[in-house]
Amino acid sequence: MGNYEPAHGINTTELWKRFEELESLPLKQFMEAFTRLAVRPDLVVQPPSAGAPPRWMAKRPAGVNAVLRDFEKYHLDHEQLSAPAKPVLYGVGGLSNPDPSRDIADRLSRVPRLLSTEFPTR
């Protein structure tokens with residue numbers, strides 16, 4: 001992990017553990033907790049629209065959990081990524097939780113032709 005003070009007061013490993021704990025929550029609580037973990041801690045998250053969520057939202061937690069499980073079990077060969085032939089663009093949203101972004105930036109610091117940018121309103 002990088003040398004930084006995590007925005008949520010937890011390191012990236014703990015953050016991933018908290019993402020995993022969301023799996024058992026009902027839809028409304030799942031999406032609220034997932035959103036809170038995914039954004040900067042000082043960001044004011046707007047409440048969901050009044051009324052029942054759209055039908056497709058019922059599938060959202062399962063999809064998010066599937067992606068999280070794949071991230072957890074996928075082996076990424078960092079050595080292969082350390083010397084790409086072409087420039088690498090790393091873009092991050094300014095409203096995103098900075099903890100995993102810092103960890104990724106720390107890992108990418110070895111990439112010789114790294115172009116990094118922040119999208120402050122995303």
Exercise: identify the closest heavy-atom pair between M57 and P53: CB-CB, 4.1 Å

CG-OG1 distance between N97 and T35, expressed to the nearest 0.5 angstrom: 12.0 Å

Any pair counted as ring-ring contact (aromatic ring centres under 6.0 Å, His included), so long as it reaches residues 33-52, sequence neighbours left out: F19-F34

Steps toward side-chain contact (heavy atoms from CB on, under 4.5 Å) verdict (L22, L37): CA-CA 10 Å; L22 303 179; L37 286 173; 4.2 Å; yes

Reported CG-to-CD distance for the pair L15 and E20, which is rounded to 0.5 angstrom: 10.5 Å

Smallest separation among heavy atoms of T121 and L95, with atom names: O-CD1, 3.5 Å

Side-chain heavy-atom pair V88, L115 within 4.5 angstrom cut-off: no

Shortest non-hydrogen separation from E21 to S24 and the atoms involved: O-OG, 3.7 Å

side-chain hydrogen bond (donor to acceptor under 3.5 Å, both in side chains) contacts touching residues 60-70 (sequence neighbours left out): E23-R69

All pairs passing salt bridge (Lys or Arg N to Asp or Glu O under 4.0 Å) where residues 42-55 contributes a residue, at least two apart: R40-D42

Full working for side-chain contact (heavy atoms from CB on, under 4.5 Å) between V92 and F119: CA-CA 6 Å; V92 64; F119 299 94; over 6 Å; no

Electrostatic pair R36:E32 at N-O distance under 4.0 angstrom: no

